[in-house]
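Quick note: residue numbers are just sequence positions, from 1.
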Amino acid sequence: MVRDTNRHFKFDWITIFLFMLLVGFGWLNILSASHTGTTINYFDISQPFGKQLIFIFLTFGLIILLLAVDAKFYERFSSIIYILSMLSLVGLFIFGKNVNGATSWYAIGGMTIQPSEFAKTATALAVAKYVSDLNTNIKTLKDQIQTFIIIAIPAILVLLQNDTGSTIVYGAFFFVLYREGLPKYYLTIGISIILLSILSLKFGAIITSIIALILVVSFHFLSKKKLRIFQSAFILIVAFTVTFGVKFFYQSILKPHQQDRISLWLRLEKDPEKLEQMKRTFAYNLNESEKAISSGGFSGRGFMEGTRTTGKFVPEQHTDYIFSTVGEEWGFLGSAFVVIVFVLLLLRILHLAELQKSQFSRVYGYGVAAVIFIHFFINIGMVMGLIPTIGIPLPMFSYGGSGLWAFTILIFIFIKLDSNKINEW
């Protein structure tokens, strides 16, 4: 679309700088994690660092294109973008390529494209469009259900492709809806279900049910805002259903490798020998990642000097476990630097979102922050063993053209929307 020459645009260079900082530092760590010799050809496309450098150069062209498009284009055509994105996910069931058990890629020549990465942006646009519609009131049940359906469609399609990590990301949009007026009890229910599930697996359904009973009864009689009898009964029924149902889900629905990851995380296996065998079989990447991070100490071993990184002890270290390279070679200082830059980026996006004059731009901005936060939180937590192993990349950092371009599109659409706020009435 042609830009109106009478319009004025002011891009947020702080966000752009933080984005570029993460991309550049990420590439340095991809280089360190994937190089195979003392002589390095930076444009060797047979190596991940060479391919990633090409992806980065192409990203600059993508940024120019995204910023050249009229800001209103993204709002007007958000529904079409969403539909096309969903069709690309459906097409994977017919034309998709299976990689590591997940049918999430299209093979185009010597390249692969992962549409689920781009679907996050399409969903953020669709949610922003629907929530900002004049006829939408997110506090009503009808509009809540319709919004949930917009989020659920890509999540289910991705889950059916056996990509659990990307599926979890769509839960981030509920934080966006909470900002726009979604009742607090949704967040309370979600957190409660997660806690009940963890407690039930760790301590058993009976003990967890007793704990839930005590809490509900105590709240019923001691809280100033007392619950009605049928409300307390309903909460107990849901709690008991979750506590007893999670074991069935764990044993009958989850696949063996998913069960083993959760079992290792919660230390559910009581047999020491079997537990050690599971660690060697299913937690090898995690164990090596933790060793690499701990060996870095306070200041790290130095760029391209990490023995565990150069020795290729951590499989696929340039992708989901890229943060272990930071921990070993840059130490606590480098790790803290990466975390601080991510936090600054998130705070900047949230700050800009609150300054938007249109609800569409604000909701989309919160969607951008939520998606980046979930990726950041899960990836670093996974690498450090704080949460179960989930295959999810570190934004702008992990190797991959689809991931880099998807986050570029996600962020720079918002930068374009933010630059247009001076033209909003």
Side-chain angles (χ1 to χ4, degrees), residues 12 15 71 74-75 77-79 81-82 85-86 116-159 165-191 193-194 342-379 392 395 406-407 409-418 420-421 424:
D12 186 70
T15 304
Y74 299 114
E75 181 176 0
F77 293 93
S78 57
S79 298
I81 294 171
Y82 177 79
S85 180
M86 296 308 101
S116 61
E117 294 290 342
F118 303 96
K120 298 163 192 173
T121 299
T123 304
L125 288 170
V127 169
K129 176 66 174 178
Y130 184 77
V131 172
S132 62
D133 190 278
L134 292 176
N135 297 319
T136 299
N137 181 1
I138 199 63
K139 296 182 180 181
T140 63
L141 182 60
K142 176 180 70 71
D143 289 330
Q144 290 169 11
I145 292 175
Q146 293 184 0
T147 308
F148 295 162
I149 290 174
I150 293 173
I151 298 170
I153 290 175
I156 293 172
L157 289 173
V158 172
L159 181 62
S166 294
T167 303
I168 294 175
V169 174
Y170 289 92
F173 290 106
F174 286 93
F175 294 103
V176 181
L177 300 180
Y178 179 73
R179 164 61 181 84
E180 295 303 313
L182 188 71
K184 295 180 180 179
Y185 57 77
Y186 281 106
L187 191 61
T188 303
I189 291 172
I191 295 175
I193 289 176
I194 293 173
F342 268 109
V343 171
L344 289 175
L345 177 63
L346 289 169
L347 291 176
R348 185 63 182 177
I349 292 173
L350 291 174
H351 171 71
L352 294 176
E354 285 296 336
L355 295 178
Q356 300 307 303
K357 296 179 181 179
S358 75
Q359 188 180 15
F360 173 84
S361 298
R362 182 180 71 238
V363 175
Y364 180 76
Y366 267 85
V368 173
V371 170
I372 294 175
F373 171 76
I374 290 294
H375 271 267
F376 162 72
F377 177 78
I378 292 179
N379 180 274
I392 193 170
F407 281 108
I409 294 172
L410 183 73
I411 292 173
F412 279 86
I413 286 179
F414 178 64
I415 289 176
K416 179 63 177 184
L417 293 174
D418 173 70
N420 190 58
K421 70 176 180 290
E424 299 281 355

Q356 and F414: side-chain contact (heavy atoms from CB on, under 4.5 Å), yes or no, with the steps?
CA-CA 10 Å; Q356 300 307 303; F414 178 64; 4.2 Å; yes
Would the distance check show the side chain of [X] and the main-chain N or O of [Y] forming a donor-acceptor pair, the cut-off being under 3.5 Å?
X: Y364; Y: L410; result: yes
X: T167; Y: L159; result: yes
X: T188; Y: K184; result: yes
X: Y82; Y: I150; result: yes

Separation between [atom1] of [X] and [atom2] of [Y], rounded to the nearest 0.5 Å:
X: D418; Y: L352; atom1: CG; atom2: CG; result: 4.5 Å
X: N135; Y: K142; atom1: CG; atom2: NZ; result: 8.0 Å
X: I413; Y: I409; atom1: CD1; atom2: CD1; result: 6.5 Å
X: E354; Y: L350; atom1: CD; atom2: CG; result: 8.0 Å

Side chains of S132 and R362: closer than 4.5 Å at any heavy-atom pair?
no
Is there a side-chain contact between Q144 and T147 (heavy atoms, below 4.5 Å)?
no
Mutual orientation of the aromatic rings belonging to F148 and Y186 [parallel < 30°, tilted 30-60°, perpendicular > 60°]:
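Because their plane-to-plane angle is over 60°, the rings of F148 and Y186 count as perpendicular.
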Which word best sums up how the rings of F373 and F376 line up, parallel for under 30°, tilted for 30 to 60°, or perpendicular for over 60°?
tilted
Would T121 and F407 count as a side-chain contact (heavy atoms from CB on, under 4.5 Å) here? Give the steps.
CA-CA 8 Å; T121 299; F407 281 108; over 6 Å; no
Pairs satisfying ring-ring contact (aromatic ring centres under 6.0 Å, His included), at least one member in residues 117-141, at least two apart:
none
Step by step, work out the side-chain contact (heavy atoms from CB on, under 4.5 Å) result for D143 and D133.
CA-CA 11 Å; D143 289 330; D133 190 278; over 6 Å; no
Under 6.0 Å from the CZ atom of F174, do we count more than 12 heavy atoms belonging to anything else shown?
yes
